[in-house]
Amino acid sequence: MKKLFAEFFGTYWLVFGGCGSAIFAAGYPELGIGFAGVALAFGLTVLTMAYAVGHISGGHFNPAVSFGLWAGGRFPAKDLIPYIIAQCIGAIAAAGTLYTIASGKAGFVIDNTKAGAFASNGFGAFSPDGYSLPSAFIAEFVLTLFFLLIILGATDKFANTPFCGIVIGLALTLIHLISIPITNTSVNPARSLSQALFTLGEPLSQVWLFWVAPILGAVVAGFIYKTLLQKNEQE
């Protein structure tokens with residue numbers, strides 16, 4: 001249970017900090033943090049929780065990461081469903097907290113006809129810069145693939161593991177710097193689901209892509225690392 005609570009709190013913090021920065025601070029008149037600030041916020045959430053609870057659960061905070069670590073031989077299949085449930089509950093709880101806070105401002109309403117509403121992900125008309133479904137799928141697949149390669153490499157027993165949290169946090173920052181204009185950046189199915197549930201409309205109908213593409217990318221990365229990159233004891 002401690003592992004599941006760690007995943008709950010870690011994913012909660014990722015969604016609250018990352019999506020919260022997009023909702024409250026990104027477009028604040030003249031002083032807003034913009035895309036770069038949101039990207040850094042997502043990276044910092046992972047970095048901070050990796051050191052806070054990573055030693056308890058492994059610090060996944062993302063269903064795609066759990067699938068990728070399973071494919072890479074680092075995580076047992078029997079724990080996949082419990083981890084994913086804990087991650088999704090944490091993400092939805094964070095989205096609920098964000099909604100409650102945002103509702104305290106007069107005139108607040110989620111306009112689910114606009115791209116990026118309530119930090120939701122999307123493609124086509126719901127992509128921040130109008131990127132198509134194939135473009136969004138490729139971006140989410142490739143970025144999650146490399147995210148998992150970085151995670152698997154940084155946490156390898158032969159790596160300099162004390163700094164792996166920093167490396168992974170910076171990797172997520174870079175991923176957001178690249179892809180916020182494309183999909184508003186997911187690479188995390190739980191994060192996408194939580195915001196879509198409160199946005200509803202087309203963003204919710206598009207959430208399937210932000211489960212399929214990241215998980216496929218993560219699984220491919222796991223097999224690539226295990227078969228092509230992982231160092232053996234004899235080497």
Side-chain angles (χ1 to χ4, degrees), residues 1-23 41-42 45-46 48-50 52-54 56-71 74-102 110 112 116-122 126 136-137 140-141 143-144 147-148 151 168 172 175-176 183-219 221-222:
M1 286 301 295
K2 288 183 179 180
K3 291 181 179 180
L4 299 182
F5 277 121
E7 287 298 304
F8 170 88
F9 287 115
T11 313
Y12 182 103
W13 186 237
L14 184 151
V15 171
F16 186 84
C19 294
S21 69
I23 293 166
F42 271 101
T45 61
V46 169
T48 50
M49 291 309 287
V53 300
I56 300 171
S57 67
H60 299 192
F61 319 141
N62 179 341
V65 171
S66 297
F67 269 102
L69 292 174
W70 162 77
R74 305 271 192 90
F75 188 66
K78 65 179 179 65
D79 290 338
L80 272 174
I81 297 302
Y83 264 53
I84 291 168
I85 291 172
Q87 292 156 359
C88 288
I89 293 173
I92 293 167
T97 307
L98 292 173
Y99 183 86
T100 302
I101 294 170
I110 296 175
N112 63 13
F118 201 60
S120 60
N121 302 113
F126 292 86
F137 194 98
E140 291 290 327
F141 176 89
L143 289 169
T144 312
F147 189 38
L148 264 294
I151 291 171
I168 294 167
L172 190 59
I175 286 167
H176 280 77
T183 61
N184 216 21
T185 310
S186 172
V187 302
N188 185 334
R191 167 262 189 273
S192 296
L193 176 65
S194 64
Q195 303 312 119
L197 286 174
F198 283 85
T199 307
L200 300 176
E202 190 65 21
L204 182 59
S205 72
Q206 292 187 357
V207 80
W208 65 267
L209 183 145
F210 302 102
W211 277 79
V212 175
I215 289 174
L216 282 177
V219 169

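Starting from 1, each residue takes its place in the sequence as its number.
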Compile the donor-acceptor pairs under 3.5 Å between side chains in residues 209-217 and protein atoms, sequence neighbours left out, one pair per line.
from, atom 1, to, atom 2, distance (Å)
Trp211, NE1, Pro189, O, 3.4

Would you tabulate the side-chain donor-acceptor contacts of residues 8-20 under 3.5 Å, counting partners in other chains and residues two or more places apart, or write 'none'?
from, atom 1, to, atom 2, distance (Å)
Thr11, OG1, Glu7, O, 2.7
Tyr12, OH, Thr97, OG1, 2.7
Trp13, NE1, Thr48, OG1, 3.1

Would you list the atom pairs, donor with acceptor, under 3.5 Å between side chains in residues 76-85 and any protein atom, with sequence neighbours excluded?
from, atom 1, to, atom 2, distance (Å)
Tyr83, OH, Ser57, O, 2.8

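Taking Ile23 as the reference, Leu98, Phe118, Ala119, Gln195 meet the side-chain contact (heavy atoms from CB on, under 4.5 Å) condition, with sequence neighbours excluded. Contacts of Ser192 classified as side chain to side chain donor-acceptor pair (under 3.5 Å), with partners at least two apart in sequence or in another chain: Asn121, Ser186. Applying the side chain to side chain donor-acceptor pair (under 3.5 Å) rule to His176 yields no partners; only residues at least two apart in sequence or on another chain are considered. Not counting sequence neighbours, the partners of Tyr99 by the ring-ring contact (aromatic ring centres under 6.0 Å, His included) test are Phe108, Phe198.
Two residues are said to be in side-chain contact when any heavy atoms from C-beta on lie closer than 4.5 Å; Glu202 and Ser205 meet this criterion. Within the 4.5 Å cutoff, the side chain of Phe61 has heavy atoms near those of the Val53 side chain. With contacts defined as side-chain heavy-atom distances shorter than 4.5 Å, the pair Asn184/Phe126 does not qualify.
Note that CD1 of Ile175 is 8.5 Å distant from OG1 of Thr185, once rounded to the nearest 0.5 Å. Atom OG1 of residue Thr199 and atom CG of residue Leu204 lie 8.5 Å apart, to the nearest 0.5 angstrom. Annotation: the span from Cys88 atom SG to Arg191 atom CZ amounts to 13.0 Å, rounded to 0.5 Å. Between atom CG of residue Leu172 and atom CG of residue Asn188 there is a gap of 8.5 Å, rounded to the nearest 0.5 Å. In this structure, CG in Leu4 is found 9.0 Å from CD1 in Ile89, a value given to the nearest 0.5 Å. Here the CG-CD1 distance, from Leu148 to Ile168, works out to 9.5 Å after rounding to the nearest 0.5 Å.
Here the closest heavy-atom approach between residue Gln206 and residue Gly122 is recorded as OE1-CA, 3.2 Å.
Distance alone, capped at 3.5 Å, places no donor-acceptor pair between the Asn112 side chain and the Pro203 backbone.
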